[in-house]
Amino acid sequence: NSYDAYRSTVPLTEYSFYEPYIERIKQGEQKVMCAERVRWFGKTAGTTSGKSKLIPITRSIVRHCHVRGTFYGLSILHMYDSTVDILNHKNYALSGGVYETLPSGITIGDISGIMMRNIPLPFRSIYVPNNALMTASSWQEKLTQIPDAIKDADVGNMIGIPTWHLAVLRQLHHKLKFNKLVDVWKNLRIFFHGGVNFEPYRQQFKDLIGREDFIFYEIYNATEGFFGAQAKLYETGMLLLTDTSIFYEFIPFADYNTDRAKAIDISEVKTDVPYVIIISAPNGLLRYVIGDVVSFTSTEPYTFKITGRTQEYINAFGEDLMLSHVSNALTEANKIHACSIKEYTVAPQYIDIDKQGKIQFLIEFETPPANVAAYEAELDRQLQLQNSNYAQKRNNSIALTQLQVIVAKPNLFYNWLESKGKLGGQNKMPKLVNGRQVIDLLLDEN
């Protein structure tokens with residue numbers, strides 16, 4: 001009857017709550033979490049937990065959330081620039097895979113692969129590569145075959161996760177030896193991207209593409225729903241989509257996992273405060289903590305940026321590092337040292353009896369800095385500017401010494417993800433880990 005009644009009656013939930021119900025649906029039982037038939041399971045990456053999750057996908061959530069969100073994004077684009085054309089040139093989509101169909105008839109795939117499989121037949125001709133290759137389950141198959149499948153196409157738009165696009169574009173560059181990507185695709189205009197923070201990769205894409213009026217357009221299409229689309233063409237910040245069948249709640253990140261934690265609805269949010277997102281959706285996810293942290297940049301309209309993950313932060317020394325702090329510091333240090341990053345991960349080096357603590361960055365550079373020690377010092381300075389808690393702990397190196405940058409060997413992260421069966425699709429490298437469980441394995445390999 002009211003929001004207060006809803007939040008006082010229905011508890012907050014995480015994936016473990018739904019696992020018994022998911023198992024029943026997998027076995028063929030329907031109308032378990034919602035009244036509608038479950039046709040697909042969207043497979044999440046499990047970036048921070050290491051365990052993929054299966055999210056029920058119904059016809060209505062595809063139509064009224066994912067497809068509707070897509071059209072909101074296209075509407076915003078057309079509102080600001082009516083010359084934007086997505087029909088007369090090919091859309092190069094690097095989607096996730098579709099993996100298996102269970103005996104119950106339910107098919108498991110990445111949400112982007114599911115969406116591509118649901119494109120009406122008349123529109124499939126404007127996409128490259130073909131639907132079968134686009135949604136193939138093997139990333140290696142895509143990496144080897146897609147460059148040949150797209151090199152002669154008149155591509156106008158690219159769609160997908162930036163890190164995986166770079167892997168394919170490197171293969172394309174190896175084949176065609178182009179100077180700039182617009183030399184190959186003269187009508188290339190837009191890159192629809194999401195899934196990872198784009199800022200550390202933006203300059204790399206700008207240099208690669210070679211077009212001044214190129215549009216980098218961010219969308220927030222998670223497995224659980226389509227939540228946001230970039231509010232303006234040449235500015236960061238996404239518009240929260242409040243008309244896609246999703247009900248949003250928020251918990252201040254500072255209160256999350258404390259006895260002060262209290263969910264609020266959208267009318268109560270404030271700008272520049274990190275919030276944990278909670279959603280209720282028509283596929284049966286009720287007051288579900290999806291794990292993302294956002295910060296609002298405006299409340300008229302509601303625009304926001306993704307600042308991290310609930311499990312992707314570092315607080316080993318009271319420094320409260322979030323992904324946005326690290327990403328912004330890397331972006332500024334990269335500009336100053338004219339370098340670019342292929343992949344990275346960050347973890348604390350704990351205080352020991354005979355040594356002080358520090359933050360370790362393991363970075364695979366696309367273009368390395370001329371002087372790694374100078375880059376290291378600049379990155380530390382930028383991180384202090386981004387995070388006052390870190391700056392305080394770094395004061396006179398009493399609690400923390402200067403951060404450390406360890407240069408990763410070529411393809412370290414790619415090979416590690418491959419060994420975990422996490423290449424391509426929705427999969428991505430955990431950027432911040434509040435422990436040594438990831439970085440120590442990588443350092444052994446390095």
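- Between Tyr256 and Phe253, the ring planes are parallel. Angles under 30° get that label, and only those over 60° would be called perpendicular.
- Every residue was checked against the salt bridge (Lys or Arg N to Asp or Glu O under 4.0 Å) condition with Asp320, not counting sequence neighbours, and none meets it.
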Contacts table for residues 399-412: side-chain donor-acceptor under 3.5 angstrom, sequence neighbours left out:
| residue | atom | partner | partner atom | Å |
| --- | --- | --- | --- | --- |
| Thr401 | OG1 | Gly357 | O | 3.4 |
| Gln404 | OE1 | Lys358 | NZ | 3.4 |
| Gln404 | OE1 | Gln360 | NE2 | 2.8 |
| Lys409 | NZ | Glu445 | O | 2.7 |
| Asn411 | OD1 | Lys342 | NZ | 3.1 |

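- A donor and an acceptor atom, one from each side chain of His89 and Asn157, are nowhere located under 3.5 Å apart.
- The pair Glu249-Arg287 meets the salt-bridge criterion, with a side-chain N (NZ, NE, NH1 or NH2) lying under 4.0 Å from an Asp/Glu carboxylate O.
- Remark: Lys431 is positioned above the aromatic ring of Tyr344, its terminal NZ or CZ atom under 6.0 angstrom from the ring centre and at most 45 degrees off the axis.
- Annotation: side chain to side chain contact (heavy atoms under 4.5 Å, CB included) contacts of Asp213 (sequence neighbours excluded): Arg189, Arg211, Tyr234.
- At least one donor-acceptor pair closer than 3.5 Å links the side chain of Thr44 to the backbone N or O of Lys53.
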Applying side-chain hydrogen bond (donor to acceptor under 3.5 Å, both in side chains), run through Glu319 and Asn389 and close with a yes or a no.
-> CA-CA 5 Å; Glu319 69 277 44; Asn389 286 340; over 6 Å; no
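- Taking the charged nitrogens against the carboxylate oxygens, Lys180 and Asp207 have no contact shorter than 4.0 Å, which rules out a salt bridge.
- Residues satisfying the ring pair (Phe, Tyr, Trp, His ring centres under 6.0 Å) test with Phe178, not counting sequence neighbours, are His173.
- Listed by chain and number, the residues in a ring pair (Phe, Tyr, Trp, His ring centres under 6.0 Å) with Tyr127 amount to none (sequence neighbours excluded).
- Taking the six-membered ring where tryptophan is involved, the planes of Phe205 and Phe198 are tilted, since the angle between them lies from 30° to 60°.
- Contacts of Leu121 classified as side chain to side chain contact (heavy atoms under 4.5 Å, CB included), with partners at least two apart in sequence or in another chain: Arg124.
- Remark: Lys186 engages no residue in a salt bridge (Lys or Arg N to Asp or Glu O under 4.0 Å) (not counting sequence neighbours).
- Partners of Glu224 by salt bridge (Lys or Arg N to Asp or Glu O under 4.0 Å), not counting sequence neighbours: none found.
- Here salt bridge (Lys or Arg N to Asp or Glu O under 4.0 Å) pairs that include residues 151-160, with residues two or more places apart or in two chains, number zero.
- Side-chain N or O atoms of Thr345 include one that pairs as donor or acceptor with a backbone N or O of Pro430 at under 3.5 Å.
- Shown here are the side chain to side chain contact (heavy atoms under 4.5 Å, CB included) partners of Gln204, two or more places apart in sequence or in another chain: Leu166, Arg170, Tyr201, Ser340, Glu366.
- Remark: Ala374 engages His337, Asn371 in a side chain to side chain contact (heavy atoms under 4.5 Å, CB included) (not counting sequence neighbours).
- Considering only heavy atoms from C-beta on, Val438 comes within 4.5 Å of Leu442 through its side chain.
- Evaluation of the salt bridge (Lys or Arg N to Asp or Glu O under 4.0 Å) rule for Asp85 yields no partner, not counting sequence neighbours.
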